[in-house]
Amino acid sequence: MSLTMAEAYTPSGPRGGTDDYRCFVIDPGLSEQAFLTGAQFLPQNVEIVHHAIFFRLDPERAAEASRRDESTPGQGWTCFGDAGIEEAAWVAHWAPGTKEILLDPAYGYAMPPGSKLVMQVHYNTLNVEGEPGSDRSGIRLRVTGRKVKELDTALFPAPVELPCTEEESGPLCDREAAVKDVGRRFGQGSEAQVGVLARECGTPKPGPTQHCDFPIEGPAKVHALAGHMHLLGRAIKVELNPGTDRARTLLDVPTYNFDDQALRPLPEPVTVDRGDVVRVTCTHDAKLRSMLPELSKLEPRYVVWGEGTSDEMCLGIVIVSAT
């Protein structure tokens, strides 16, 4: 089935910013149990669409999302970070270079009767001259009524602590000022995320490369992975049990390309178990800021985790199922 936004939306970044995260309710009209086995986001205005994430809402949460939509002026609602609705499950995403990747047809995301999708779109108008124009993006879904094994999406973030280069200077090269600026643009939750990552991953030393280790709490089977960074990203890697005789690399992108963030299926699913450790490692390069037209006119900043295109992320996206 192919679905689109109910009407076109014209982005406007809050607080005068150029980044607008907007969530829209998409209703697949399911009256019976179904499973999502494939998805392809269809960006209508590619000049301003940075990425999109689709979250499944069970019927109770779907009603909550509809009420929020109706009570918010305009179409949809602002949703930095996530869908803004509790218990929303990530079932699909799109970033530049992402195409539909079909996994083993014996697996899919559960879609109960009455469930809906929230489509979170990150719009960026940083390099748009004049009015950004509107967008009415959509998604093509592959849905089956037969019973399959359930998929889930696990997220593995790592901190970003990238100082200004020696050639750069300015008030936002101060880390504290840069973190406060993230909070000003995206809210206190985004500002707090910087501290959460530092606590969970260990206080990082400022520099281009950071990582985070995640102990696995129970058995699971890994099917595919993707890495997400922004324009200063150089490399991303996801490893299993690094530094041990059971070490193996699940994802290795030594030359990161923002325009190629496709999901990468494993040749064969990999089973992980309690006691295993997943490590995500990212390398960013502050020198790219002066080389990229999108960033070269911006004020230099100490870069931390943030939702903006001029900020950065380090995120391992892992598609898993029960064993």
Side-chain angles (χ1 to χ4, degrees), residues 33-41 51-56 89-111 139-158 209 211-229 233-283 313-323:
Q33 176 69 49
F35 290 87
L36 180 65
T37 59
Q40 178 61 49
F41 177 62
H51 76 254
I53 302 172
F54 288 82
F55 299 91
R56 181 199 64 223
W90 180 316
V91 297
H93 76 279
W94 176 91
T98 302
K99 298 180 180 180
E100 183 182 40
I101 301 295
L102 298 179
L103 302 177
D104 187 329
Y107 295 87
Y109 289 93
M111 297 289 293
I139 188 170
R140 184 183 65 203
L141 305 175
R142 294 180 190 264
V143 180
T144 180
R146 60 185 175 83
K147 176 68 175 178
V148 299
K149 299 177 182 178
E150 291 190 24
L151 290 174
D152 195 9
T153 303
L155 304 178
F156 297 90
T209 301
H211 76 270
C212 192
D213 289 347
F214 295 86
I216 301 301
E217 298 179 355
K221 187 177 292 186
V222 178
H223 297 267
L225 304 94
H228 179 64
M229 299 186 289
R234 281 291 194 188
I236 183 168
K237 179 183 290 188
V238 180
E239 301 169 274
L240 180 63
N241 299 318
T244 74
D245 57 3
R246 297 178 293 121
R248 65 182 301 172
T249 298
L250 302 178
L251 174 72
D252 188 11
V253 184
T255 305
Y256 180 77
N257 179 0
F258 181 81
D259 293 317
D260 180 14
Q261 300 184 53
L263 194 69
R264 290 165 167 79
L266 293 171
E268 295 289 339
V270 172
T271 299
V272 298
D273 209 340
R274 183 178 179 86
D276 286 337
V277 172
V278 169
R279 172 178 293 177
V280 58
T281 304
C282 289
T283 297
M313 291 186 179
C314 173
L315 182 64
I317 304 167
V318 184
I319 311 302
V320 300
S321 68
T323 54

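Numbers here are sequence positions counted from 1.
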- Task: Indicate, with yes or no, whether the SG-to-SG separation of C314 and C282 is under 2.5 Å.
- Result: yes

- The reported gap from OG1 in T283 to CE in M229 (rounded to nearest 0.5 angstrom) is 7.5 Å

- Message: To the closest 0.5 Å, what do you measure between CZ (F35) and CZ (R146)?
- Response: 9.5 Å

- Query: When rounded to the nearest 0.5 angstrom, what is the spacing between CG in D213 and CD in E239?
  - Reply: 9.0 Å

- According to the interplanar angle, ranging from 0 to 90°, do the rings of F41 and W94 count as parallel (below 30°), tilted (30 to 60°) or perpendicular (above 60°)? tilted

- Residue pairs involving residues 242-256 (criterion salt bridge (charged side-chain N to carboxylate O under 4.0 Å, His left out); sequence neighbours excluded): R246-D276

- Side chains of Y109 and T153: is there a donor and an acceptor less than 3.5 Å apart? yes

- Message: Tell me which one of V222, V270, T249 satisfies side chain to side chain contact (heavy atoms under 4.5 Å, CB included) with L240.
- Response: V270

- Item | Rounded distance [0.5 Å steps], NZ in K99 versus CG in L102 | 13.0 Å

- H93/T98 under side chain to side chain donor-acceptor pair (under 3.5 Å): CA gap, chis, key distance, verdict: CA-CA 8 Å; H93 76 279; T98 302; 4.8 Å; no

- Query: H228 vs H51 aromatic rings, parallel, tilted or perpendicular, using cut-offs 30° and 60°?
  - Reply: perpendicular

- Close side-chain approach of P96 to F258, heavy-atom, < 4.5 Å: yes

- Message: Tell me every residue that passes salt bridge (Lys or Arg N to Asp or Glu O under 4.0 Å) with R264, counting only those two or more places apart in sequence or in another chain.
- Response: D260

- Query: Which residues pass the salt bridge (Lys or Arg N to Asp or Glu O under 4.0 Å) test with E100, sequence neighbours left out?
  - Reply: R140, R142

- Query: Any side-chain heavy atom of S321 within less than 4.5 Å of one from K149?
  - Reply: no

